[in-house]
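Start at 1 and go down the list; that is how both ligands and their atoms are numbered. Keep in mind that the numbers below use all heavy atoms, side chains included, and drop hydrogens, waters and symmetry copies.
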Amino acid sequence: MENIESDLISTELPKAWATSMDTFIAKAKNAEIWDQNGNRFLDFVGGYAVLNTGHLHPTVMSKVQEQLNFFSHSCFAFAPHEKAVELSYQLNRRYPIEEKTKTFLVNSGAEAVENAIKISKHFTKRQNLISFTGGFHGRTHMALGLTGKDVPYKEGFGPFPKEIYHTTYPYVYRGVTTENAIEELDNLLSTKIKPEETAAIIIEPVLGEGGYIPCEKEFIQYLRNICDQNGIILIFDEVQTGFGRTGKMFGAEHFEVEPDIVTLAKGIAGGFPLASVTGKSDIMDSPKESGLGTTFGASPISCSAALGVLEAFDNENILDHSVLQGKVMRQKLDILLEENKYIGDVRGIGPMIGVEIVQNKKNKEPSKDTATKIVLKCKEEGLLLVTCGLDGNVIRFMGPLTTPIDQVEEAMDIFSRAVSSI
Ligand code: PLP
């Protein structure tokens, strides 16, 4: 086969499948990436918050290599394999839901969300769904309908399921308090839809795509009460917050609230495609036999990788390291917040940190332009970052939680220089 040049991206692939980097990645190790021209980058994108255990973690790789000696695919619904059951067993015990839970393994975050909704509708025999402004739940039709950021995700792709209602996520920096969010939710449930016709509320414990905004604890606790009072299923979408991203294994641990169902993906299998729906057994057992399924879901390769991820977390103090990583970043970023006129807010939990870029601290006008310039400058200097937020003006850090501290410091130095150069 001929050598493929990266400029073929624009002629061979649809332009909607846009890429941030304009060279091909050639190799990667833990928190470092090299492109085809030999340029080295610190990877604070981490395959979009996937590589929590770093690129090619040795334990993950050895589990995958071992599995490849036996078989690569079976379709679980036809020929079950023990890796999927072992992983489900582990997730059922590790995720902080006290009641007995069961797990269904699929391929992607969006597919997990689709199934969490299907199961909730089946169990409650209700149709209405509530999600949040700024929330992101994936790109399939139901997941996209639930998503609360229109451009570029939803524009032109509708109509979406009409039973979906969006309400406000607390966003203290922009003046939306827990009280405001509660008021809007109460209003929705008293004027537009009936609680007793509502199947589920789905929420990210920390908004990811929506701007790295941790939810207010009181709001999540309020949601739990509303759901309990009205028989509504509470779904935590922990696709991005799971597997140590917030400094604890799961985001729910920060809020002292248990959901009824959780969706997990991204960091679950160290870079191999896998996702899960874990939920209370009576809910998960509602759909009838073969009502749930997937051809590639629960891939034995991905399940082996996921067991490797759990082993790495168990043996290597990754959570403690991620908390330290967050502290090192926070120290530097808090100084920048004081000193730099474009940094309006620095927020997050543990190493899941977002920096909101504004025109100036007084008017707080979101500045996507400045955020983009900073990200480009960082890339020139060897640090990979991406933005998020409804206005595209929040720079987020989502590299491996195994990044050595000297590389975290190196990244912070590059970021400081980039911000100061604007
Ligand atoms: N849910 C959340 C919170 C996400 O951040 C994402 C992806 O970014 C998804 C769902 C969709 O996951 P996937 O891209 O694996 O379908």
Side-chain angles (χ1 to χ4, degrees), residues 16-20 45-52 95 104-118 120 129-149 152-154 157 160 164 166 169 200-215 220 234-246 250-252 254-255 259 261-279 294 296-299 302 305-306 309 348-349 352-354 385-390 392 394 396-399:
W17 196 14
T19 64
S20 300
V45 179
Y48 265 79
V50 165
L51 296 153
N52 298 8
Y95 194 81
F104 173 45
L105 295 169
V106 294
N107 298 282
S108 67
E111 194 186 356
V113 168
E114 294 286 335
N115 280 285
I117 297 296
K118 275 172 67 180
S120 301
L129 300 163
I130 298 177
S131 62
F132 293 87
T133 318
F136 184 83
H137 301 289
R139 295 173 183 266
T140 51
H141 252 81
M142 175 59 84
L144 205 48
L146 294 163
T147 289
K149 181 175 172 181
Y153 306 122
K154 299 174 81 163
F157 295 126
F160 301 104
I164 296 170
H166 289 94
Y169 195 96
I201 299 180
I202 183 166
I203 188 163
E204 293 165 81
V206 181
L207 274 193
E209 188 55 41
Y212 271 37
I213 307 168
C215 197
I220 296 224
L234 181 60
I235 304 170
F236 281 180
D237 183 344
E238 290 226 40
V239 165
Q240 192 155 161
T241 49
F243 297 93
R245 181 54 50 201
T246 63
F250 302 107
H254 296 280
F255 297 91
I261 295 180
V262 61
T263 53
L264 297 163
K266 291 200 184 275
I268 190 171
F272 290 84
L274 188 71
S276 69
V277 187
T278 295
T294 155
F296 285 112
S299 147
S302 298
V309 165
I349 314 183
M352 187 172 182
I353 299 175
L385 290 167
V386 286
T387 55
C388 60
L390 279 175
V394 180
R396 55 176 152 172
F397 294 84
M398 48 185 177

Original post:
For atom 2 (C) of ligand 1, which protein heavy atom lies nearest, and how many Å away is it?
Top reply: Phe136 O, 3.2 Å
Subject >> For atom 9 (C) of ligand 1, the protein heavy atom that lies nearest, with its residue and separation >> reply: Val239 CG1, 3.7 Å
Please check if the side chain of [X] supplies one atom and the backbone of [Y] the other of a donor-acceptor pair under 3.5 Å.
X	Y	answer
Glu114	Ala143	yes
Lys149	Phe136	no
Glu238	Ala252	yes

Original post:
Do protein heavy atoms approach atom 15 (O) of ligand 1 to less than 4.0 Å?
Top reply: yes
Using a 4.0 Å cut-off to any heavy atom of [X], which atoms of ligand 1 qualify?
X	value
Gln240	5 (O)
Ser108	15 (O), 16 (O)
Glu204	3 (C)
Asp237	1 (N), 2 (C), 3 (C), 10 (C)
Ala110	11 (C), 12 (O), 13 (P), 16 (O)
Gly109	11 (C), 12 (O), 13 (P), 15 (O), 16 (O)

**OP:** Go through the structure and list residues passing side chain to side chain donor-acceptor pair (under 3.5 Å) with Tyr48, not counting sequence neighbours.
**Re:** none
Subject >> Which residues share a side chain to side chain donor-acceptor pair (under 3.5 Å) with Tyr169, sequence neighbours left out >> reply: none
Original post:
Can you tell me if CZ on Phe296 sees more than 12 non-hydrogen neighbours from other groups inside 6.0 Å?
Top reply: no
Original post:
Can you check whether Gly138 has an N/O within less than 3.5 Å of an N/O in ligand 1?
Top reply: no
**OP:** May I ask which of Arg139, Lys266, Glu238 has a heavy atom nearer to atom 7 (C) of ligand 1 than the others do?
**Re:** Lys266
**OP:** Evaluate the criterion ring pair (Phe, Tyr, Trp, His ring centres under 6.0 Å) for residue pair Phe236 and Phe250; output intermediate values, then yes/no.
**Re:** CA-CA 10 Å; Phe236 281 180; Phe250 302 107; over 10 Å; no
Subject >> Distance-only polar pair, side chains of Ser131 and His137, donor-acceptor under 3.5 Å >> reply: no
